[in-house]
> 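Below: one structure in structure tokens.
The analysis underlying the following values was restricted to heavy atoms, covering all of them including side chains, and did not include hydrogens, waters or symmetry mates.
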Amino acid sequence: MTTAARPDAILPDGPSGQRLVKALTYALNPDRTLHRYQARYGSAFSINAFGFGRMVVLTDPAEVKQILQATQDVIDLADIGVDRALGHGSLFATYGDAHRRDRKLLTPPLHGNRLRAYEKVVERAAESEMATWPEGRPFPALPSMMRITLDVILDAVFGAEGAELEELRRMLPPMVKLGTLLTFLPKFQRLLGSHGPWARFQRDRARFDVLMSRLIDQATPVLDTRDDVLAMLLQARYDDGSPMGHAQISDQMLTLMAAGHETTATTLAWVVERIRRQEGLSERLAAEVDEGGSALRDSTLLEVQRVRPVVNLVNREVRAENLEIGRWRLPRGTVVGIPIGLLHDDPNLFGDPSTFNPGRFVGAKPNTYQWIPFGGGVRRCIGANFATLEMNVVVRTMFRDFIVEPTTDGPERRVTRGIAAAPGKGGMMIVRRRT
């Protein structure tokens, strides 16, 4: 163990040497790097990570549970300047009481019975995209899944249509990708001044806010006839009776787009990639759809997210003066990383973890402190239930209409693409339409 500058801190060892080189090594291949460090240092180590600086990485299940159960006044989301891209009103940029108040307003549209209203939206988007799929020849699943999830968000979340729908469809994906990159590489924000990437993002963000104002004006007179998230937020009230401001709603809508578009689409691409490497699974999933069941489909989605989580880390920052976590004493300001993949690969938590076993979760729910593709604790992804419904409906629709042909090709390697780690070939698939 090593000690930080503060004499009362107890932090784990980690790789030494040039900080920039180590950070680049992690950024270029986080999964391999984290597995290598775990093999060398054990269940806890310190690394340099872009956007976070020095980070303590914890993989011991008991220590992870302590982190995820801690209250927000003790440890909370690390502040890496997300507000520069998503706005000060974003759920990712608020803390403490402000975060709790906003989360309370955002929860009802994305949970419970409200989700049923979105099921047909997802099915329509999936049917429309899948009607374009070629039969009998390979194509990547990821671009299709990206179009489906984008259409779902624009309809179910934004309630967009007409000219605003088409403009948002064109501008949002590249805008969100650029904003994410610039958040983690803040020095590039000054590159080329008014002609650089940050200036371009700011122009796009200003245009997005204009479009949001139009959508709010269109929705306001007919709120009672709409069930999209935007309409619900316009009607929502804080405990003191005040509404969420329009600028804040704009920030929250961009946040939902950033958090739910690429990650959900990438998971669906991994679903295709994994299913093709399990002989007979496609036919079993199709038969289950015909029978009106969902147990195998539900379990398959859970298992895909275990073996191929699309987000690498859950991050937190210590807010208390000191935080005792297992063997460690972490001072205020310490950034903690929980590597989702390493936790999901723990043989003490998941038997034979390297094997993709679609039946692993049939009849059993995963432990929310061990299976954490959506994070955990008070910062668990607020759209987790929405994303789960969306993936379930897309996969159900796919196997209602198609059989996905198996393959003997090796697994596609993980490639980091902005927010999410995707299949290197985009989840190549070959389908035949069911008759």
Side-chain angles (χ1 to χ4, degrees), residues 10-12 30-31 34 37-38 42-47 49 51-52 55-80 82 91-100 102-104 106-107 110-111 255 259-260 263 267 302 305-307 309-350 353 361 364-388 419:
I10 305 175
L11 307 177
D31 292 314
L34 290 172
Y37 289 161
Q38 185 187 44
S43 64
F45 46 89
S46 300
I47 65 170
F52 296 101
M55 174 188 290
V56 171
V57 178
L58 302 179
T59 68
D60 180 272
E63 293 172 357
V64 168
K65 186 174 182 178
Q66 274 186 271
I67 291 291
L68 296 179
Q69 286 185 329
T71 57
Q72 286 180 280
D73 59 322
V74 173
I75 191 167
D76 204 350
L77 196 68
D79 183 2
I80 59 171
V82 169
L91 200 64
F92 292 161
T94 55
Y95 299 88
D97 290 340
H99 176 264
R100 284 187 285 272
D102 291 346
R103 192 178 180 96
K104 186 176 180 181
L106 281 163
T107 296
L110 299 169
H111 289 75
T255 299
T263 51
T267 300
L302 293 171
Q305 291 173 92
R306 184 190 70 81
V307 298
V310 300
V311 177
N312 291 307
L313 280 175
V314 171
N315 76 78
R316 297 289 187 270
E317 183 176 330
V318 177
R319 306 284 175 168
E321 186 66 23
N322 279 294
L323 176 59
E324 300 275 353
I325 294 289
R327 304 157 283 173
W328 317 110
R329 186 179 301 119
L330 311 179
R332 185 194 304 276
T334 303
V335 175
V336 179
I338 301 171
I340 298 172
L342 293 187
L343 196 67
H344 289 185
D345 286 344
D346 188 337
N348 295 313
L349 303 180
F350 303 99
F361 295 109
K365 290 186 177 180
N367 185 303
T368 55
Y369 297 110
Q370 299 169 359
W371 181 90
I372 56 169
F374 295 107
V378 295
R379 285 285 186 171
R380 186 174 188 266
C381 174
I382 197 168
N385 289 353
F386 183 95
T388 299
I419 298 173

> Working to the nearest 0.5 Å, report the span between CD1 of Ile67 and CG of Asp60.
11.0 Å

> Please identify each residue that fulfils side-chain contact (heavy atoms from CB on, under 4.5 Å) with Thr107, with sequence neighbours left out.
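side-chain contact (heavy atoms from CB on, under 4.5 Å) list for Thr107, sorted by chain: Arg103, His111, Ile382.
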
> Which residues satisfy the side-chain contact (heavy atoms from CB on, under 4.5 Å) test with Val64, sequence neighbours excluded?
Leu68, Ile338, Leu343

> Any donor-acceptor pair under 3.5 Å linking the side chain of Gln370 with the backbone of Pro61?
no

> Which atoms form the tightest heavy-atom contact between Ser46 and Pro12, and what is the distance?
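Between these two residues, the closest heavy atoms are OG-O, 2.8 Å.
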
> Calculate, to the nearest 0.5 Å, the distance between atoms CH2 and CG belonging to Trp328 and Leu323 respectively.
13.5 Å

> Taking side-chain hydrogen bond (donor to acceptor under 3.5 Å, both in side chains) as the definition, give me every residue that meets it alongside Asp102, ordered by chain and number, with sequence neighbours left out.
Tyr238, Gln248

> Holding to side-chain contact (heavy atoms from CB on, under 4.5 Å), I want the full list of residues that pass it with Pro373, two or more places apart in sequence or in another chain.
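Expected list: Gln305, His344, Trp371.
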
> Between Val57 and Tyr37, does the side-chain contact (heavy atoms from CB on, under 4.5 Å) criterion hold? Intermediate values first, please.
CA-CA 10 Å; Val57 178; Tyr37 289 161; over 6 Å; no

> For the residue pair Leu313 and Met55, establish whether any side-chain heavy-atom pair is separated by less than 4.5 Å.
yes

> For Thr334, give me all partners under side-chain hydrogen bond (donor to acceptor under 3.5 Å, both in side chains), at least two apart in sequence or on another chain.
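With sequence neighbours excluded, Thr334 shows a side-chain hydrogen bond (donor to acceptor under 3.5 Å, both in side chains) to no residue whatsoever.
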
> Salt bridge (charged side-chain N to carboxylate O under 4.0 Å, His left out) with Arg316: which residues, sequence neighbours excluded?
none

> Arg319: what forms a salt bridge (charged side-chain N to carboxylate O under 4.0 Å, His left out) with it, not counting sequence neighbours?
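Arg319: no salt bridge (charged side-chain N to carboxylate O under 4.0 Å, His left out) contacts found.
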
> Considering the options Val56, Val318, Leu58, which one meets the side chain to side chain contact (heavy atoms under 4.5 Å, CB included) requirement together with Ile325?
Leu58

> Taking Pro353's backbone N and O only, do any of them form a donor-acceptor pair with Arg306's side chain (distance below 3.5 Å, no angle check)?
yes

> Would you say the side chain of Pro339 lies within less than 4.5 Å of the side chain of Thr59, judging by non-hydrogen atoms?
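The answer is yes, as the side chains (C-beta and beyond) meet within the 4.5 Å cut-off.
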
> If you look at every heavy atom in Arg329 and Asn322, which pair is closest and at what distance?
CG-OD1, 3.9 Å

> Can you tell me how far the CG atom of Asn312 sits from the CD1 atom of Ile340, to the nearest 0.5 Å?
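Here the rounded value is 7.5 Å.
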
> Not counting sequence neighbours, which residues clear side-chain hydrogen bond (donor to acceptor under 3.5 Å, both in side chains) with Ser43? List them please.
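Scan of Ser43 (side-chain hydrogen bond (donor to acceptor under 3.5 Å, both in side chains), adjacent residues dropped) gives Arg327.
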
> Kindly list each side-chain donor-acceptor pair under 3.5 angstrom involving residues 70-77, sequence neighbours excluded, with atom names and distances?
unit_1 : atom_1 : unit_2 : atom_2 : d
Thr71  : OG1    : Asp73  : OD1    : 2.3
Gln72  : OE1    : Arg100 : NH1    : 3.1
Gln72  : NE2    : Asp76  : OD2    : 3.2
Gln72  : NE2    : His99  : ND1    : 3.2
Asp76  : OD1    : Arg379 : NE     : 2.8
Asp76  : OD1    : Arg379 : NH2    : 3.3

> Identify the two heavy atoms, one from Ile10 and one from Leu330, that lie closest to each other, and give their separation to 0.1 Å.
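Result for this residue pair: O-CD2, 4.1 Å.
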
> Quick one: list whatever passes ring-ring contact (aromatic ring centres under 6.0 Å, His included) with Phe92, sequence neighbours left out.
none

> Taking all heavy atoms of Val335 and all of Ala78, pick out the closest pair and write down the distance.
CG1-CB, 4.3 Å

> Hey, does Asn385 have a side-chain heavy atom less than 4.5 Å from the side chain of Leu110?
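The answer is no; the side chains never approach within 4.5 Å.
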
> Can you list the residues that meet the side-chain contact (heavy atoms from CB on, under 4.5 Å) rule with Gln69, with sequence neighbours excluded?
Lys65, Tyr369

